[in-house]
Amino acid sequence: MSGEFNRFIEYITKLSNDKKIDFKQATLEVKTHIDSITKQNVISIVKEIGIIPEAIEASSSLEKLYSKASDCLLARCFSEFGMPSIAVNERGNSADIIATSIHGYTLVADAKTFRLSRTAKNQKDFKISTLSNWRGSEHDFALLVAPYFQYPSISSQIYSSALDYQVCLLSWEHILFLLNNDVIENENFSLENIWNAPQRISRDKKTAYADRMNCQFPIIDKMVCDRITKDISDFKAHLNNCKIDICNRGKNELEYLSSVKTEIEKLTREEAILELLKSKKILERITIIEKFVNSM
């Protein structure tokens with residue numbers, strides 16, 4: 001992991017471990033931090049944010065804060081594109097991110113992050129229909145941002161659903177490409193032709209005769225490049241660099257898991273039993289039930 005990303009993880013870990021503040025306050029702290037760092041630091045974090053570190057325990061408060069931090073980071077990215085954005089504090093039945101354009105349109109967005117150890121993902125993991133509901137009639141576009149290589153590579157119902165619900169599928173790698181090229185909306189330049197990708201794909205006569213479950217990214221990649229007048233070869237070179245970074249992250253994650261495995265193998269039988277009890281929160285659950293029963 002890069003130095004900037006490491007510092008970011010250390011920062012949110014410290015916030016998550018601080019018993020004096022609740023999740024809402026921790027989220028506000030993360031927002032303030034992300035809004036205060038330089039664009040170059042934003043770019044460094046965007047390069048790696050799509051991969052949840054294995055050191056972050058699954059379903060932990062830290063993982064939830066990491067997820068919220070990815071929303072705050074994506075909102076900052078839209079702001080860098082000249083689109084004032086907010087990451088909504090309380091989700092409820094509203095979008096995680098709302099961005100406004102100088103050209104009069106608004107969009108809702110959702111940021112997704114996954115572990116490298118995560119098995120195959122399905123439509124439920126991407127919440128496409130939920131994003132469409134969040135857009136409603138109030139907003140013009142709905143956008144999903146997830147790791148490029150975590151989307152299905154050949155065909156999936158995810159792609160047909162994106163067309164049915166008119167949700168634009170993008171990746172952190174696309175966002176990084178736009179940031180690296182200093183893309184900013186102004187009175188004479190709009191990014192609408194990227195966000196409306198599903199409408200444009202649906203209007204294409206070729207789509208009518210093709211399998212709507214086919215991977216859309218060859219088309220979307222070209223749309224992104226055309227909008228910012230870059231050649232598709234530029235984006236392919238960018239993706240190759242991203243692959244190298246992902247492979248390096250993979251090595252780091254494997255080293256971490258190997259170290260954990262080594263430490264576990266050193267445990268005595270009693271220590272191993274205690275660790276298992278802690279991991280399944282058995283003692284904590286017993287205490288909670290006992291307190292409840294005693295209060296009756």
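Being a predicted model, the structure only gives us computed values, none of them experimental. Basis for what follows: all heavy atoms, side chains included, without hydrogens, waters or symmetry-related copies.
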Quick check: closest heavy atoms across [X] and [Y], and the distance to 0.1 Å?
| X | Y | result |
| --- | --- | --- |
| Ala75 | Ala87 | CB-N, 4.0 Å |
| Arg76 | Thr38 | NH2-C, 3.8 Å |
| Trp172 | Ala111 | CZ2-CB, 3.7 Å |
| Phe189 | Ile184 | CD2-O, 3.3 Å |
| Glu4 | Ser44 | CB-CB, 3.8 Å |
| Gly250 | Leu116 | CA-CD1, 3.7 Å |

Stepwise, does the side chain to side chain contact (heavy atoms under 4.5 Å, CB included) test hold for Leu131 with Lys127? CA-CA 6 Å; Leu131 255 173; Lys127 298 195 309 186; 5.8 Å; no
Would Glu275 and Ile264 count as a side chain to side chain contact (heavy atoms under 4.5 Å, CB included) here? Give the steps. CA-CA 9 Å; Glu275 283 298 315; Ile264 290 174; over 6 Å; no
Salt bridge or not for [X] and [Y], using N-O below 4.0 Å?
| X | Y | result |
| --- | --- | --- |
| Lys112 | Asp125 | no |
| Arg115 | Glu63 | yes |
| Lys251 | Glu255 | no |
| Lys39 | Asp182 | yes |
| Lys266 | Glu263 | yes |

Whether over 12 other heavy atoms sit under 6.0 Å from [X] [atom1]:
| X | atom1 | answer |
| --- | --- | --- |
| Glu265 | CD | yes |
| Glu138 | CD | no |
| Lys281 | NZ | no |

Any [X] side-chain heavy atom under 4.5 Å of [Y] side chain:
| X | Y | answer |
| --- | --- | --- |
| Leu73 | Val42 | yes |
| Phe149 | Leu239 | yes |
| Val108 | Leu143 | no |
| Phe217 | His174 | yes |
| Ile201 | Gln216 | yes |
| Thr113 | Gln150 | no |
| Asp231 | Asp234 | yes |
| Cys168 | Asn196 | no |

Mind checking the [atom1]-[atom2] spacing from [X] to [Y]? Nearest 0.5 Å is all I need.
| X | Y | atom1 | atom2 | result |
| --- | --- | --- | --- | --- |
| Tyr159 | Ile128 | OH | CD1 | 9.0 Å |
| Ile228 | Met223 | CD1 | CE | 14.5 Å |
| Met213 | Ile154 | CE | CD1 | 11.5 Å |
| Glu185 | Glu80 | CD | CD | 13.5 Å |
| Glu173 | Ile175 | CD | CD1 | 10.0 Å |
| Ile51 | Asn252 | CD1 | CG | 10.0 Å |

Is the distance between the ring centroids of [X] and [Y] less than 6.0 Å?
| X | Y | value |
| --- | --- | --- |
| Tyr105 | His139 | no |
| Phe235 | His238 | yes |
| Tyr165 | Trp134 | no |

Can any side-chain N or O of [X] pair as donor or acceptor with the backbone N or O of [Y] at less than 3.5 Å?
| X | Y | result |
| --- | --- | --- |
| Ser16 | Ile12 | no |
| Arg200 | Asn193 | yes |
| Asn17 | Thr13 | yes |
| Asn294 | Glu290 | yes |
| Ser160 | Gln157 | yes |
| Ser161 | Ile158 | no |

Taking a hydrophobic cluster as the set of Ile, Leu, Val, Met, Phe, Trp and Tyr residues connected by side-chain heavy atoms closer than 4.5 Å, whether directly or through intermediates, do Ile98 and Leu28 fall within one such cluster?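 Unlinked, Ile98 and Leu28 end up in two clusters.
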Do Leu267 and Leu276 share a hydrophobic cluster, counting only Ile, Leu, Val, Met, Phe, Trp and Tyr and linking them when any side-chain heavy atoms are less than 4.5 Å apart?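 No, because Leu267 and Leu276 fall into different hydrophobic clusters, even though each may have its own neighbours under 4.5 Å.
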Please assess Phe78 against Trp195 for the test ring-ring contact (aromatic ring centres under 6.0 Å, His included), listing each intermediate value before the final yes or no. CA-CA 12 Å; Phe78 284 120; Trp195 319 140; 5.8 Å; yes
Show the numbers, then the answer: is there a side chain to side chain contact (heavy atoms under 4.5 Å, CB included) between Leu74 and Val145? CA-CA 8 Å; Leu74 184 55; Val145 175; 3.8 Å; yes
Donor-acceptor pair between Gln166 and Ser132 side chains, under 3.5 angstrom: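 Judged by distance alone, the side chains do not pair up.
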With no hydrogens and no angle check, just 3.5 Å: does a side-chain donor-acceptor pair link Ser117 and Glu54?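 Their side chains do contain a donor-acceptor pair, which is all the 3.5 Å distance test asks for.
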Could you name each residue pair satisfying ring-ring contact (aromatic ring centres under 6.0 Å, His included) that touches residues 24-63, not counting sequence neighbours?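 Every pair satisfying ring-ring contact (aromatic ring centres under 6.0 Å, His included) with a residue in residues 24-63: Tyr11-His33.
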For Asn181, run the side-chain contact (heavy atoms from CB on, under 4.5 Å) check against Leu178, Leu179, Val183 and tell me which one passes.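 The single option meeting the side-chain contact (heavy atoms from CB on, under 4.5 Å) with Asn181 is Val183.
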Decide yes or no on side chain to side chain contact (heavy atoms under 4.5 Å, CB included) for Leu283 and Lys278, but give the supporting numbers first. CA-CA 7 Å; Leu283 300 178; Lys278 284 167 61 179; 5.6 Å; no
Check side-chain hydrogen bond (donor to acceptor under 3.5 Å, both in side chains) between Lys222 and all other residues, then give those that pass, not counting sequence neighbours.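 Lys222 satisfies side-chain hydrogen bond (donor to acceptor under 3.5 Å, both in side chains) with Asp226 only.
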